[in-house]
Amino acid sequence: MAAAGLAKALHGMGVRIRLIESPHIGGVGVGEATIPPIMDFIRQLGIAEDDLVRDVKATYKLGIGFRDWTRTGHFYFHPFGPTGPGLESIPFQAYWLKMFLAGDAAPLEDYSIQAAAATEGRFSRPVHAPNTPLNKLTYALHFDASSFARYLRGFAEARGVTRTEGEVRSVSIHPQTGLVESVTLEGGESVTADLFVDCSGFRGLLIEEALETGYEDWSRWLPCDRAVVVHSEPAAAPAPYTLVTARDAGWQWRIPLQHRNGNGYVYSSAFITDECAATTLLGNLSGRLPGAPTTLSFTPGRRRKAWSRNVVALGLAAGFLEPLEATSIYLIQRGIAMLLRFFPDRDFATADIERYNRVLELEFHRVRDFLLMHYSQTERSGAFWEHCRSMPLTDTLLEKIELFRSHGRILREDAELFPVMSWLSVMVGQNIIPRRYDPLVDSLEPRKIRAKLDQLRSDIRRCVQSMPSHWDFIRNSPPRTAAK
Ligand SMILES: Cc1cc2nc3c(=O)[nH]c(=O)nc-3n(C[C@H](O)[C@H](O)[C@H](O)COP(=O)(O)OP(=O)(O)OC[C@H]3O[C@@H](n4cnc5c(N)ncnc54)[C@H](O)[C@@H]3O)c2cc1C
């Protein structure tokens, strides 16, 4: 992603980009889910979406279904996209909540085209149909991160990036400036550069092993530290959403790709053994398994500085927050966008680096809060979930929850990743119910609200019926286009 993004944006500046990858050290590619900003990344590169989806066997994603998360037997959907429209300057969530609290509104899922289409297995891109929900369809992709990386490698090489297969064995630091001067490959070649982007995964070859930047361990908020993963052959056509199911010591994902499902059980090693976790995962899968499960360990948290001296860490090298809301690839994308925003010259101005780090820190904090809410607000029983309920909440999350509890208010801070619909659906889904509704809603006649909600719901139902099935949409995608 970094090589492709930088090659595209820095084209014509005389910048030379070199990509060093070891063919022997495997990357993570477990069947990844993404969130809507990935579509901007793909468009900014000028990649034809249909070609990418075909080549990496991706599927579309309209949101996440949470099964048994709030309590066993319960299901709620976290859809992408905006809430329904406002009514006379009163936001959707305010007037829907008034009716919902009075038992006079359908579930939130009925007022989101993404949720309604996903649960019916339908998909379409937005269609130019003003004033209909089809206009605002919002989606992302499921793909295997390794396939996506291979696709982008081709894109980057076609734009002048030089790729070297080799293992970095040592890192040399300038004794006076403290900047990384060069890396030495297994064959003895020394590669010098002005700027190094460390995408070496959890180990953080440059940012940590060489520069000792430090890591903030966030286990006190995010208790899971392992994942056991396995692919399975699909037993049915791929659904246009990620399914996550709560388990005794964490949760299981199903990410449908065109040719297989990515499955994994993310768990806390303090509450279950690796063997038990693997047995649980395997016992909850259908479809043939072409390979054996593998286990990955991680420490939830972030590198103290994603940018240190002349090294910018991206991806797992910059930190990892479990994939419940599919945010890691987004954080890479954000890191690249911010690197371009504060692109350095050889002086590496401290102000640029500090601002970059602050922006990325804030992004990590916001994702952490959103994830933490999923754990802290459930009614599930068992030692793991009881532990989750006893975890301290951050002040920022407490404020969000209290604002919602008091009058159903959700404030989206500027440029905050998760929109109002995300907070609303997860809070209501997890049974955080406001004590009162926003008093301003009383300026609307209940008859008007009811009519608006009925209209919205029936428009959504009609639009969903006009959409093809997700699988037909993929199979009938137009033939290859020439790359820009
Ligand atoms: C269990 C799990 C589930 C996930 N699910 C999701 C999800 O649903 N959505 C999402 O957005 N993200 C998800 N992620 C995160 C996502 O997989 C990663 O963000 C993404 O794969 C990028 O990883 P990376 O490139 O940073 O690291 P890696 O994939 O680990 O790649 C590291 C690269 O560095 C190279 N390398 C390492 N050492 C050397 C060396 N010495 N010399 C040369 N090359 C070297 C390797 O060859 C490899 O290519 C998940 C991660 C895990 C662990």
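Worth knowing before you read on, the calculation uses all heavy atoms, side chains too, and leaves out hydrogens, waters and symmetry mates.
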Tell me whether [X] at atom [atom1] has more than 12 heavy atoms from other residues, nucleotides or ligands lying less than 6.0 Å away.
{"X": "Asn476", "atom1": "CG", "value": "yes"}
{"X": "Arg341", "atom1": "CZ", "value": "no"}
{"X": "His259", "atom1": "NE2", "value": "yes"}
{"X": "Asp110", "atom1": "CG", "value": "yes"}

**cation_pi(Arg159, Phe155) dist<6.0 Å, angle<=45** =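 Cation-pi check for Arg159 and Phe155: passes.
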Is [X] salt-bridged to [Y], going by a charged N under 4.0 Å from an acidic O?
{"X": "Lys400", "Y": "Glu416", "answer": "yes"}
{"X": "Asp144", "Y": "Arg150", "answer": "no"}
{"X": "Arg288", "Y": "Glu233", "answer": "yes"}
{"X": "Asp454", "Y": "Arg457", "answer": "no"}
{"X": "Glu21", "Y": "Arg153", "answer": "yes"}

**Item:** Candidate list Tyr76, Tyr375, Phe75, test ring pair (Phe, Tyr, Trp, His ring centres under 6.0 Å), partner Trp69, passing option
**Value:**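 Of the listed options, the one satisfying the test is Tyr375.
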State whether a side-chain donor-acceptor pair under 3.5 Å links [X] with [Y].
{"X": "Tyr241", "Y": "Gln114", "value": "no"}
{"X": "His78", "Y": "Ser425", "value": "no"}
{"X": "Tyr267", "Y": "Asp274", "value": "yes"}
{"X": "His142", "Y": "Thr242", "value": "yes"}
{"X": "Ser469", "Y": "Arg122", "value": "no"}
{"X": "Asp369", "Y": "Thr396", "value": "yes"}
{"X": "Glu379", "Y": "His74", "value": "no"}
{"X": "Thr164", "Y": "Arg18", "value": "yes"}

**Request:** Apply the side-chain contact (heavy atoms from CB on, under 4.5 Å) test between Gln377 and each candidate in Asn431, Leu397, Ile401, Leu372; give the one that qualifies.
**Result:**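 The option that passes is Ile401.
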**Asked** How about Ile42 and Leu141: do any of their side-chain heavy atoms sit closer than 4.5 Å?
**Response**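 Of all side-chain heavy-atom pairs linking Leu141 with Ile42, at least one is under 4.5 Å.
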**Asked** Does some side-chain heavy atom of Tyr330 sit less than 4.5 Å from a side-chain heavy atom of Glu363?
**Response**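 Of all side-chain heavy-atom pairs linking Tyr330 with Glu363, at least one is under 4.5 Å.
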**Request:** On the 0 to 90° scale, with breaks at 30° and 60°, tag the Trp218-Trp221 ring pair as parallel, tilted or perpendicular.
**Result:**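 Ring orientation, 0 to 90° scale: perpendicular.
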**Message:** Walk me through whether Trp423 and Phe370 qualify under ring-ring contact (aromatic ring centres under 6.0 Å, His included).
**Reply:** CA-CA 8 Å; Trp423 284 98; Phe370 196 51; 4.9 Å; yes
**Prompt:** Could you walk me through whether Leu62 and His470 pass the side chain to side chain contact (heavy atoms under 4.5 Å, CB included) check?
**Reply:** CA-CA 10 Å; Leu62 293 165; His470 174 230; over 6 Å; no
